[in-house]
Amino acid sequence: QVRLVESGGGSVQSGGSLRLSCAASGLTSSTKCMGWFRQAPGKEREGVAYVNRDGSTRNADSVKGRFTISQDNAKDTVHLEMNTLIPEDTAMYYCAAATTCYYSRGDIYAAGSIVWGQGTQVTVSS
């Protein structure tokens, strides 16, 4: 059974940085990508970035140039380096392991069999 545990959230001022991590266990060959998604109060969940098992990555347009996703060599931990944070980045951030992840019209999506972590809160104050 796939299990994802996020860490690294917190509160920062605008312009600051945070690094999120997602430790995965139980991954199978059907997991082709891992990604980060976020949900602000009153808004729908949106994709932030994903990394395929081959190491290729893609960001949502809203975070391009500010956020970087990476995975460790063992491919069981995914990180999200967030720089130049703005108040609009405030949200609960969720890690996901999925059958497929893709980019479309500026946004990131996960599809197929998806497992979610419990989330970690990121708050950016102005």
Nearest non-hydrogen partners of Pro87 and Ser126, listed with the distance:
CG-CB, 3.9 Å

Output field: ring centroids Phe67/Trp36 closer than 6.0 Å:
no

Tyr103 six-ring centre to Arg58 NZ/CZ under 6.0 Å and within 45° of normal:
yes

Any idea which heavy atoms bring Thr31 and Ala97 closest together, and the distance?
CG2-CB, 3.8 Å

Does any pair with a residue in residues 16-35 pass ring pair (Phe, Tyr, Trp, His ring centres under 6.0 Å), and if so which ones, sequence neighbours excluded?
none

Roughly how far, to the nearest 0.5 Å, is CD of Glu88 from CZ of Arg38?
9.0 Å

Atom CZ of Arg53 with >12 non-hydrogen neighbours under 6.0 angstrom
yes

Side chain to side chain contact (heavy atoms under 4.5 Å, CB included) filter on Thr57, not counting sequence neighbours, yields Val51, Ile69

Examine Tyr109 together with Tyr102 and report whether their ring centres are nearer than 6.0 Å.
yes

Kindly indicate, with the supporting measurements, whether the criterion side-chain hydrogen bond (donor to acceptor under 3.5 Å, both in side chains) is fulfilled by Ser21 and His79.
CA-CA 4 Å; Ser21 295; His79 307 284; 2.9 Å; yes

Could you walk me through whether Tyr93 and Glu6 pass side chain to side chain contact (heavy atoms under 4.5 Å, CB included), step by step?
CA-CA 9 Å; Tyr93 282 70; Glu6 300 101 331; over 6 Å; no

So do the side chains of Met34 and Asn52 get within less than 4.5 Å of each other, counting heavy atoms only?
no

Which pair of non-hydrogen atoms, one from Ala60 and one from Gly47, has the smallest distance, and what is that distance?
CB-O, 3.5 Å

Could you list the residues that satisfy side chain to side chain donor-acceptor pair (under 3.5 Å) with Arg66, not counting sequence neighbours?
Asp89

Stepwise side-chain hydrogen bond (donor to acceptor under 3.5 Å, both in side chains) check, Asn59 with Tyr50:
CA-CA 7 Å; Asn59 285 2; Tyr50 70 85; over 6 Å; no

